Amino acid sequence: MAVKALQAVRGMNDIFPSEVAGWQNLETDLRALLKLYDYGEIRLPLLESTELFARAIGDVTDIVQKEMYTFADRNGDSLTLRPEGTAGCVRAAIQHQTMRGQTPRYYYMGPMFRHERPQKGRYRQFHQLGVEAFGQAGAGTDAEVIALSARILKQAGVQATLQINSLGSPAARAAYRERLLAYLRPRQAALCEDCQTRMERNPLRVLDCKVPGCQEIAAAAPHLVDHLDPESAAHFACLQDLLTALGIPYVVNHSLVRGLDYYNRTVFEWVTDALGAQGTVLAGGRYDGLVSQLGGQETPAIGFAVGLERLLALQEIQGQLATAAQPLLFVGALDDNSLAAAWKLAEHLRDQTVSVVSAGPATFKSLMKLAERSKAHFQLLIGAGQLQGEPVIIKEQDGEGRWEGSLDAVSTGLQSLGVDFPRHAPHTEHNFATARRLK
RNA sequence: GUGGCUGUAGCUCAGUCGGUAGAGUCCCGGAUUGUGAUUCCGGUUGUCGCGGGUUCGAGCCCCGUCAGCCACCCCA
């Protein structure tokens with residue numbers, strides 16, 4: 001009787017070792033950069049009370065209304081798999097009182113969950129790096145955070161364009177909203193169906209509608225940046241000066257409106273056209289009101305999130321994706337009697353942190369094939385001859401390197417072929433080729 | 001949530017008018033080769049995504065469903 005095959009839940013991916021190499025490489029790079037800006041990692045629950053997201057993200061947003069994985073706990077509490085990281089991070093900082101008179105900077109890396117229809121660059125379980133800086137209201141922090149975002153993309157080897165905008169203060173935004181509505185209402189009939197309905201709910205969204213007719217109307221609409229409160233206008237001007245001083249190119253996108261309700265003043269986004277419809281790689285902004293809104297002391301804050309799948313997809317397109325680390329040595333046994341000697345040698349080398357793949361007993365032909373498939377830098381076979389004192393041969397698999405010597409001098413042989421002892425960690429293996437080229 | 005396209009061997013794919021499931025690759029074994037993987041011979045590739053229906057007969061036609069891809073929407 002055939003048993004029904006189980007498969008992963010829609011939009012949730014298995015990631016195998018060949019791909020994990022790229023992930024780990026990216027994660028390592030990211031952690032190193034975050035250290036340069038003094039961000040500390042915070043590890044947060046994947047599950048939070050539903051109310052947290054409803055209050056933080058905004059009841060009328062799509063995320064809260066139709067994209068959350070929400071279910072009842074056994075005792076009836078409504079829980080939700082986190083659709084983004086900022087809410088949980090702010091909750092944790094309030095709960096543990098880490099912001100009082102302090103300016104903590106946190107980052108987190110991990111899965112987020114949104115029940116959307118999967119497509120290129122969009123999955124139901126996806127991964128983000130999120131960065132949050134608390135307690136600093138000045139535009140200098142905005143510029144530094146954006147500089148960090150620029151460095152992340154540069155380190156990843158990814159080409160993207162920085163777009164910025166200012167949403168102003170909540171009051172200025174509300175006033176602008178009325179002004180925009182006054183402009184849109186007489187033109188309502190010319191808008192697309194979607195825009196007609198979202199006009200009253202969130203008129204700012206009409207500005208970045210893709211329908212040509214709506215774009216025409218949006219192009220002539222009043223600009224939010226022209227109606228900012230004086231403080232926000234000065235903040236925005238200061239940010240632009242700093243970005244220029246730092247040599248970070250940007251464009252002001254008047255229709256850039258973040259999807260989550262908690263943003264104010266600075267919003268920014270790095271976009272690319274290489275990812276189909278999902279062009280946003282990294283996005284963020286200032287959210288000065290959120291901490292108090294969630295019950296904390298009034299605390300300014302700014303942050304951003306990068307989609308790791310999107311970053312990896314761009315790295316792949318641009319040929320920047322790291323490949324799996326290769327073992328250093330393949331050790332093969334030609335018969336049963338050689339097995340003990342081969343395994344003993346492999347263990348001895350692993351004691352010295354040399355990564356070894358071993359195989360056998362098998363025919364000469366099989367071992368050669370296995371050696372090639374292992375992608376090891378060097379190969380070595382042990383058979384009856386070697387047990388009787390014939391020399392072992394270490395051969396470089398994709399080069400001319402070759403060494404002959406006795407079985408117990410193999411580490412010396414590897415050293416003579418350019419391998420450093422003692423080696424540090426197996427995961428540095430893939431740097432071997434590079435390191436050698438530099439010599 | 002809506003729409004379009006696609007599901008056949010581990011992988012890439014063919015399969016005519018509805019008439020007994022195919023190729024390449026990969027893998028396994030043997031001979032040869034005895035330190036560069038050659039060459040030759042032989043062999044297994046299978047719930048045709050899943051469930052119904054029509055039919056004497058369905059990989060093919062019809063309905064449903066699941067999954068993937070792409071777009072809308074939304075967003076990282």
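Quick caveat: nothing in here was measured; it's all calculated off a predicted structure. Proteins get letters first, then strands, A, B, ... in listed order; numbering begins at 1 in each. Heavy atoms only: backbone and side chains are in, while hydrogens, waters and symmetry mates are out.
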For [X] and [N], is the shortest distance between a side-chain N/O and OP1 or OP2 below 4.0 Å?
X      : N     : answer
A:K395 : B:G36 : yes
A:R10  : B:G68 : yes
A:Q7   : B:A67 : no

Can you tell me, in whole Å, how much space there is between the [atom1] of [N] and that of [M]?
N     : M     : atom1 : value
B:U39 : B:U44 : C1'   : 23 Å
B:C73 : B:U54 : C1'   : 39 Å
B:C11 : B:U16 : C1'   : 26 Å
B:G15 : B:C72 : C1'   : 35 Å

Is it the case that the base of [N] and the side chain of [X] share a donor-acceptor contact (distance under 3.5 Å, atom types as modelled)?
X      : N     : value
A:R402 : B:U35 : no
A:R122 : B:C73 : yes
A:R205 : B:C73 : no

Q.
So for atom CZ, which belongs to A:R151, do other residues, nucleotides or ligands contribute more than 12 heavy atoms lying within a distance under 6.0 Å?
A.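 Not buried by this count: 12 neighbours or fewer within 6.0 Å.
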Q.
Does A:Q188 have more than 12 heavy atoms from other residues, nucleotides or ligands lying within 6.0 Å of its CD?
A.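 It does: A:Q188 CD has more than 12 such atoms within range.
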[X] and [Y]: side chain donor to acceptor below 3.5 Å:
X      : Y      : result
A:N264 : A:D288 : yes
A:T98  : A:Y106 : yes
A:S232 : A:R265 : yes

Which is true for [X] with a 4.0 Å heavy-atom rule: it touches a base, it touches only sugar-phosphate, or it touches nothing?
X      : value
A:G85  : nothing
A:A283 : sugar-phosphate
A:Q379 : base

Specify the separation, in whole Å, of atom [atom1] of [X] and atom [atom2] of [N].
X      : N     : atom1 : atom2 : value
A:Y262 : B:C75 : OH    : P     : 11 Å
A:F330 : B:G36 : CZ    : C1'   : 13 Å
A:E404 : B:G34 : CD    : P     : 16 Å

